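Accompanying notes for the structure given below.
The structure presented is a predicted model; accordingly, all values stated were derived computationally and were not measured. Naming convention: chains lettered A, B, ... in sequence-line order (proteins, then strands); numbering from 1 in each chain.
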Amino acid sequence: MLNSRKTLIVIAGPTAVGKTDAAIKLSKYWNSEIISADSRQFFSEMSIGTAKPDQQQLNEVKHHFIGQLSIHDYYNVSKFENEVMQLLEKLFGKHDVVIMVGGSGLYIDAVCKGIDNFPDPEPELRSFLKGIYLDEGIVKLQEMLFHIDPEYYAKVDINNPNRLLRALEVCHTTGKKFSEQRLNSNKNRGFRIIKVGLNLPRPQLFNRIGFRVDQMVEKGLVEEVQNLLPFRHLNALNTVGYKEIFDFLDSKINLEQAIENIKTNTRRYAKRQLTWFNRTDEYAWFEPSELNEITNYLLSGSK
RNA sequence: GGGGGGGUACCAGAGCGGUCAAAUGGGGCAGACUGUAAAUCUGUUGGCUAAGCCUUCGGAGGUUCGAAUCCUCCUCCCCCCA
């Protein structure tokens, strides 16, 4: 069991706000290490388009969960939760403070609050259900769910194929209703968690997004995506910055248009992230440049 | 100079006498979200003292009980002929 003096500092915020830099500085201050909670920076083949920390930054502070997976690997939040918890046990052995940075809200929450246990989905079942959806449409999924798990049917977003697919998948593999197993439990972690949100006035954030996308293109985004073209069907590549370039490589749109689309979709992504983080009032919000304020806040809170 | 087409909400683009504050798409804004999550999905998008009222469909007049829709003039744009 972890010592309660141990603290996990969570740094969250919308994409391109400046989380990486801030986390590195804070990590240096506490002489600690960084756990990344970014569902796309996990993949070794995706670097430019995911704005991974560069080699110099990686050398400055030890990072975990950056590029540890291949786009061909199957991964999910639950695995992330387990791996992070294992790692934390080790890290807290030598540090009182560990920093977790990232923009993937679900992944952050899985670490902070835990996530219910479900068996891993069987790939065959998953593709079977997907086939039904593709062949017979969402209405068929709705009917299936209505019969198997009316309770969940009553509360899900009935138009969201992913949700329906997942619920059906769980019902079929466990033989039990999804709604009965989805406890929304709140695991008690043996360490303190302090959450810091980083944000900027919207116009400024959006400027940074535009600038960063241009930079990605200069660094060779198109080539990176081109090399991944054969694997475009993989889930990891259903990602902003990649799908738009695929459209360009398909000659559906020109480069300029693709770049514009990436910027637009990134702005939307940032908005969705903010919506997620604003769901709770657990975050103390700062601008990324307010390092002193952040440090003071953390010091007063981590005592 | 002659002939033709057209100017509709942030943009594109339907509508072509009432059921039009105006389809649809894009963009914007807001939201949902426990295993594909940078994914997936939803709502909203003229104004207001909001089941009502006010101001909108290039501009000005006119016809009509009634006009984004018809007529006249003006204006701007596009295409064809010279």
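The distance between atom CG of Leu69(A) and atom C1' of G35(B), rounded to the nearest whole Å, is 14 Å. Rounded to whole Å, atom P of A39(B) lies 16 Å from atom CZ of Arg232(A). Nucleotide A39(B) holds its C1' atom 15 Å from the OH atom of Tyr242(A), rounded to whole Å. Per the geometry, CZ belonging to Phe277(A) stands 16 Å off P belonging to A30(B), to the nearest Å. Lys79(A) places its NZ atom 13 Å from the P atom of A37(B), with the value rounded to the nearest Å. The nearest whole Å value for the distance from the CZ atom in Phe118(A) to the P atom in A37(B) is 16 Å. Summarising the geometry, the separation between CD on Gln273(A) and P on C33(B) is reported as 17 Å, rounded to the nearest angstrom. We find that CG of Leu164(A) is positioned 16 Å from C1' of A37(B), with the value rounded to whole Å.
Across all strands shown, A21(B) remains unpaired; no Watson-Crick or G-U wobble contact has both distances below 3.5 Å. The partner of A30(B), taking Watson-Crick or G-U wobble pairs whose two distances both stay under 3.5 Å, is U42(B). Base pairing analysis places C57(B) opposite nothing; no Watson-Crick or G-U wobble pair with both distances below 3.5 Å involves it. The nucleotide G52(B) finds its pairing partner in C48(B), both defining distances of the Watson-Crick or G-U wobble pair being shorter than 3.5 Å.
We find that Asp116(A) and Arg182(A) are not joined by a salt bridge, their nearest charged nitrogen and carboxylate oxygen being 4.0 Å or further apart.
Side-chain atoms of Ile194(A) and Leu8(A), non-hydrogen and from C-beta on, never get closer than 4.5 Å to each other.
Residues that satisfy the side-chain hydrogen bond (donor to acceptor under 3.5 Å, both in side chains) test with Glu282(A), not counting sequence neighbours, are Lys195(A). Partners of Lys52(A) according to the side-chain hydrogen bond (donor to acceptor under 3.5 Å, both in side chains) rule, which considers only residues two or more places apart in sequence or in another chain, are Ser47(A). Scanning for salt bridge (Lys or Arg N to Asp or Glu O under 4.0 Å) contacts around Lys252(A) gives Asp247(A), Asp250(A), with sequence neighbours left out. In this structure Thr239(A) satisfies the side-chain hydrogen bond (donor to acceptor under 3.5 Å, both in side chains) test together with Arg40(A), sequence neighbours excluded. With sequence neighbours excluded, the residues satisfying ring pair (Phe, Tyr, Trp, His ring centres under 6.0 Å) with Tyr153(A) are Phe146(A).
For the segment residues 248-271 of chain A, residues with any heavy atom less than 4.0 angstrom from an atom of RNA chain B are, sorted by number, Thr264(A), Arg267(A), Arg268(A), Tyr269(A), Lys271(A). Of the residues in residues 212-228 of chain A, none lies under 4.0 Å from RNA chain B by heavy-atom distance. Residues from residues 105-114 of chain A lying near RNA chain B, meaning a heavy-atom separation below 4.0 Å, are Leu106(A), Tyr107(A) in numerical order.
Note on Tyr74(A): only backbone sugar-phosphate atoms sit closer than 4.0 angstrom, heavy atoms only; bases stay farther off. If you check every strand for non-hydrogen atoms under 4.0 Å, Asn117(A) touches a base. Backbone-only engagement by Phe178(A) is indicated by non-hydrogen atom pairs under 4.0 Å involving sugar-phosphate atoms exclusively.
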Give each protein N/O atom lying under 3.5 Å from an N/O atom of nucleotides 40-43 of chain B, with the pair distance.
residue : atom : partner   : partner atom : Å
U40(B)  : O4'  : Asn162(A) : OD1          : 3.1
U40(B)  : O2'  : Asn160(A) : OD1          : 2.2
U40(B)  : O2'  : Asn160(A) : ND2          : 3.3
U40(B)  : O2   : Asn160(A) : ND2          : 2.8
C41(B)  : O4'  : Asn160(A) : ND2          : 3.2
C41(B)  : O2'  : Asp157(A) : OD1          : 2.9
C41(B)  : O2'  : Asp157(A) : OD2          : 2.6

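Side-chain atoms of Arg202(A) lie closest to C29(B) of the nucleotides C33(B), C29(B), G35(B).
The aromatic rings of Phe65(A) and Phe80(A) sit perpendicular to each other, their planes meeting at more than 60°, with 30° as the lower class boundary. Between Phe178(A) and Tyr152(A), the angle of the ring planes goes over 60°, which puts this pair in the perpendicular group of the 30/60° scheme.
To the nearest whole angstrom, the two P atoms, one in G46(B) and one in A39(B), are 28 Å apart. Nucleotides C11(B) and C81(B), compared at atom C1', are 34 Å apart to the nearest Å. Between the P atoms of U44(B) and A23(B), the separation comes to 13 Å (whole Å). Comparing the P positions of A60(B) and U69(B) gives an interatomic distance of 13 Å, to the nearest angstrom. Spacing of P atoms, G58(B) relative to C16(B), comes out at 16 Å, to the nearest Å. A distance of about 27 Å separates the C1' atoms of C79(B) and A9(B), rounded to the whole Å. Nucleotides C76(B) and A21(B), compared at atom C1', are 26 Å apart to the nearest Å. Spacing between C33(B) and U42(B) at atom P, rounded to whole Å, works out to 15 Å.
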Practice task
Determine, stepwise, if the pair Ser104(A) / Asp38(A) fulfils side-chain hydrogen bond (donor to acceptor under 3.5 Å, both in side chains).
Solution key: CA-CA 5 Å; Ser104(A) 303; Asp38(A) 185 306; 4.6 Å; no
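In this structure, a donor-acceptor pair under 3.5 Å is present between the side chains of Gln273(A) and Tyr269(A).
Among residue pairs with one or both ends in residues 57-76 of chain A, those qualifying as side-chain hydrogen bond (donor to acceptor under 3.5 Å, both in side chains) are Asp21(A)-Gln57(A), Lys28(A)-Glu60(A), Glu33(A)-His64(A), Glu45(A)-Ser70(A), Gln55(A)-Asn59(A), Tyr74(A)-Asn76(A), Tyr75(A)-Glu83(A); sequence neighbours excluded. Every pair passing side-chain hydrogen bond (donor to acceptor under 3.5 Å, both in side chains) that includes a residue from residues 122-143 of chain A is listed here, sequence neighbours excluded: Arg126(A)-Glu169(A).
Within the structure, a side-chain polar atom (N or O) of Thr275(A) is placed less than 4.0 Å from OP1 or OP2 of G31(B).
In terms of position on RNA chain B, the residue among Trp276(A) and Lys130(A) whose nearest nucleotide sits closer to the 5' end is Trp276(A). For the pair Thr239(A) and Arg166(A), both in contact range of RNA chain B, the more 5′-proximal nearest nucleotide belongs to Arg166(A).
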Side-chain donor/acceptor pairs under 3.5 Å, residues 211-223 of chain A, sequence neighbours excluded:
residue   : atom : partner   : partner atom : Å
Arg212(A) : NH2  : Thr15(A)  : OG1          : 2.8
Asp214(A) : OD1  : Lys263(A) : NZ           : 2.9
Asp214(A) : OD2  : Lys263(A) : NZ           : 3.3

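To the nearest 0.5 Å, atom CD1 of residue Ile9(A) and atom OG of residue Ser27(A) are 9.0 Å apart.
For a distance-only test at 3.5 Å, the side chain of Asp120(A) qualifies as a donor-acceptor partner of the base of G35(B).
Nearest approach of Ser32(A) to Ile99(A), heavy atoms of both residues: OG-N, 4.3 Å.
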